[in-house]
Colleague: 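Could you have a look at this structure, given as structure tokens, before my questions?
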Amino acid sequence: MHHSDSNVRIETLLDMPVIDLSNLTVEGVQEGFKSGAFTAESLTQACLRQIDLYNSHYNAIIFLNDAALADARAIDQRRQAGELLGPLAGVPVVIKDPMDMVGFPTTAGWSLLCSKAGGVDLMPETDAPVVARMRAAGAILLGKTNVPVLSSSGTHADNSWAGPTLNVVMPSRVPGGSSTGTAAAVGASMAVLGLAEETGGSIQNPASAQDLVGIKPTIGLVPNAGVVPLSGNRDVVGPIARCVRDAALCLDVLAGYTAEDPKTLAGVGKKPPLGYTSKLHAGALKGVRLGLYGPGWRNQPLSAETQQLYDGATQELKAQGAILVGDPFEGSGFAALRKETIPTADFDARGLESVPYDLQKYLERLGPNAALKSFAAFARATARESAFGPKGLLSFLHRLPQFVACLKSPTVPPDLSEFIAVKARYLEIVEEVFARERLDGLVFPQMRQELPLAGSGLTIKETTVSEINIAGMPAVAMPAGYYASGAPFGLLFVGKLWTEADLLAYAYSYESATRHRKAPVLTIR
């Protein structure tokens with residue numbers, strides 16, 4: 001971790017206000033600024049101190065931004081000058097490593113893409129649109145967070161050049177991937193918010209594993225240009241936060257059109273005019289019809305303890321006035337659409353056929369001085385551990401018939417007809433079922449059983465990843481209690497395309513009524 005001033009002088013620490021970072025929300029930050037309890041600079045200093053204390057143990061942050069304090073001072077000056085600043089101005093945040101951030105290498109967790117681990121640095125000349133939007137909103141970018149190699153695991157970051165990241169709630173259990181470091185940084189109060197990204201569970205898994213709120217947005221709502229891809233048509237960037245409102249405020253900043261990502265044209269007119277917090281109120285579940293998990297959605301049962309916790313959560317939802325519909329997908333043919341292209345991880349990888357083409361486009365965007373400018377150069381630079389070779393991390397892609405042609409000709413727009421056909425079918429069935437059952441959304445346990453032990457080789461058993469990542473549907477993950485072991489239990493609200501504001505309202509209503517999340521007890525190494 002490079003960071004010029006890790007030994008903050010003792011006398012400056014004595015002058016620092018005591019800020020309870022563990023339960024700090026965006027609202028709390030804004031109140032603190034207003035009351036003068038702290039400034040953006042002293043808050044940033046407190047977060048850097050938290051990082052100093054805990055990061056060597058949890059390994060969430062892999063690069064620290066030396067400009068963070070200066071950026072915070074600039075926000076304080078703008079506030080003193082009477083400028084009207086948005087809700088994220090002065091709020092400390094972290095960025096997931098695969099998102100391009102000027103001044104930092106984008107390593108995607110891979111030693112071959114990191115000079116200090118003997119590889120080649122990819123230095124972007126411009127921020128990814130999502131990073132640029134956070135900067136423009138005045139958020140203080142503290143640094144970049146750890147991921148597994150090429151974001152290829154939804155369970156952990158054990159193979160990263162920076163070493164494994166621990167779960168801050170239960171270090172003996174897997175932390176969730178691939179936005180592993182972002183979840184750990186937010187969970188350990190090193191930052192208030194973090195940017196995460198999902199192709200196959202990478203927002204919802206770490207959020208649920210570490211007792212946090214995560215939003216996996218509709219594909220096309222938030223730009224994914226300038227983010228190392230696994231699938232240009234599945235990857236989505238979204239926030240991880242400690243409460244629903246904070247996640248909603250972050251989505252306000254991230255969502256919207258940019259010419260850098262033509263997919264985002266689809267989201268125009270889909271954002272709530274008054275923002276993603278506009279529907280949040282404690283009574284938002286009253287009269288709402290929600291479908292429950294069952295074999296019609298996916299023919300994989302819940303463990304006994306998960307079922308018990310889910311039953312408890314359904315009682316809490318009913319107490320809030322929700323109307324629950326058992327297994328609405330029964331007989332719809334939905335469950336039969338899933339193909340396990342990676343049987344060991346229960347994962348349907350369709351849509352990832354295009355990754356050579358998507359990487360070509362990503363590398364072209366880095367700029368004329370980039371160390372690698374094409375997929376061919378990338379393949380050469382990483383040949384000794386080829387991701388696509390017989391033993392490579394992504395060797396399973398050879399099971400997707402349309403991948404092979406794309407790998408041969410990475411500059412040619414790929415044939416994605418199988419992915420498009422299954423995506424269309426998923427969306428048709430969702431439309432039919434939601435109309436027939438008059439559903440407003442679905443509410444499932446995010447995992448079918450509790451988190452596996454770290455290092456066990458077992459993966460997180462989720463309920464929705466392949467389906468909603470192929471269909472492009474939105475979801476909100478949130479804390480909903482604990483297993484007897486202490487492992488977090490989380491719910492997932494899922495909806496039709498573009499229904500983030502409604503899902504956030506349901507999640508907010510549930511959160512207001514139950515307040516399940518407890519701040520984790522942290523350990524200094």
Side-chain angles (χ1 to χ4, degrees), residues 98 100 106 108 110 113 122 128-129 149-152 178 197-202 218-237 258-266 337-342 345 347-366 370 372-383 386-390 392-427 465-473 497:
D100 286 351
T106 303
W110 205 1
L113 299 178
L122 296 181
V149 175
L150 290 177
S151 301
S152 60
S178 65
E197 178 262 335
E198 170 153 349
T199 311
S202 289
T218 304
I219 184 84
L221 182 67
V222 175
N224 62 14
V227 181
V228 178
L230 269 177
S231 166
N233 297 299
R234 279 179 59 154
D235 298 347
V236 284
V237 174
T258 170
E260 281 208 75
D261 183 354
K263 287 188 300 302
T264 53
L265 191 62
L337 292 176
R338 204 168 63 92
K339 261 194 200 171
E340 291 187 359
T341 41
I342 319 183
F347 181 61
D348 188 336
R350 285 176 292 182
L352 276 72
E353 301 88 324
S354 63
V355 70
Y357 177 79
D358 299 332
L359 276 165
Q360 171 76 26
K361 291 289 170 219
Y362 166 79
L363 294 164
E364 284 170 11
R365 187 193 173 278
L366 282 173
L372 306 174
K373 295 189 190 57
S374 67
F375 180 77
F378 174 89
R380 280 194 302 274
T382 58
S386 169
F388 306 104
L393 275 175
L394 303 177
S395 60
F396 64 83
L397 289 175
H398 290 273
R399 294 192 201 131
L400 301 174
Q402 295 173 331
F403 168 73
V404 180
C406 186
L407 187 60
K408 269 203 200 86
S409 313
T411 60
V412 177
D415 178 358
L416 284 168
S417 50
E418 192 189 343
F419 164 69
I420 294 302
V422 71
K423 178 182 171 82
R425 191 65 199 119
Y426 269 134
L427 290 169
V465 160
S466 300
E467 300 86 342
I468 69 172
N469 282 273
I470 290 173
M473 294 160 67
L497 304 182

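Just so you know, residue 1 is the first one in the sequence shown, and it goes up from there. Side chains included, hydrogens not; waters and symmetry mates left out as well; all remaining heavy atoms used.
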Colleague: Could you report the tightest heavy-atom contact between S354 and G232, atom names first, then the distance?
Modeller: OG-N, 4.2 Å
Colleague: List the atom of V412, the atom of Y357, and the distance in Å for their closest heavy-atom pair.
Modeller: O-CD1, 3.5 Å
Colleague: Taking all atoms of both residues into account, what is the closest heavy-atom pair of L150 and A387, and its distance?
Modeller: CD1-CB, 3.7 Å
Colleague: Taking the side chain as C-beta and beyond, is there a heavy-atom pair between L122 and L363 under 4.5 Å?
Modeller: yes
Colleague: Starting from the C-alpha separation in whole Å, work towards a yes-or-no answer on side-chain contact (heavy atoms from CB on, under 4.5 Å) for E197 and D235.
Modeller: CA-CA 7 Å; E197 178 262 335; D235 298 347; 3.4 Å; yes
Colleague: Who are the salt bridge (Lys or Arg N to Asp or Glu O under 4.0 Å) partners of K263, not counting sequence neighbours?
Modeller: D261
Colleague: Start with the C-alpha distance between L416 and E353, add both sets of side-chain angles, then the distance that settles side-chain contact (heavy atoms from CB on, under 4.5 Å), and finish with yes or no.
Modeller: CA-CA 7 Å; L416 284 168; E353 301 88 324; 3.8 Å; yes
Colleague: Under 4.5 Å between any side-chain heavy atoms of K339 and R399, yes or no?
Modeller: no
Colleague: Could you check whether any side-chain heavy atom of P356 comes within less than 4.5 Å of a side-chain heavy atom of F403, counting everything from C-beta outward?
Modeller: yes
Colleague: For a quick test of reading the model, state the closest non-hydrogen atom pair linking A128 to V227 and the distance between them.
Modeller: CB-CG2, 4.4 Å
Colleague: Applying side-chain hydrogen bond (donor to acceptor under 3.5 Å, both in side chains) to E198 and N469, what does each step give before you reach the verdict?
Modeller: CA-CA 8 Å; E198 170 153 349; N469 282 273; 3.0 Å; yes
Colleague: Considering residues at least two apart in sequence or located in another chain, which fulfil the ring pair (Phe, Tyr, Trp, His ring centres under 6.0 Å) criterion with Y426?
Modeller: F334
Colleague: Keeping K423 on the side-chain end and A471 on the backbone end, is there a donor-acceptor pair under 3.5 Å?
Modeller: yes
Colleague: Which pair of heavy atoms, one from R234 and one from T199, lies closest together, and at what distance?
Modeller: NH2-O, 2.8 Å
Colleague: Could you work out, with ring pair (Phe, Tyr, Trp, His ring centres under 6.0 Å) as the rule, every residue matching Y362, not counting sequence neighbours?
Modeller: none
Colleague: Taking the side chain as every heavy atom from C-beta outward, state whether F375 and T411 have any pair of such atoms under 4.5 Å apart.
Modeller: no
Colleague: Looking at P414 and C406, what are the two nearest heavy atoms and their distance?
Modeller: CB-SG, 3.9 Å
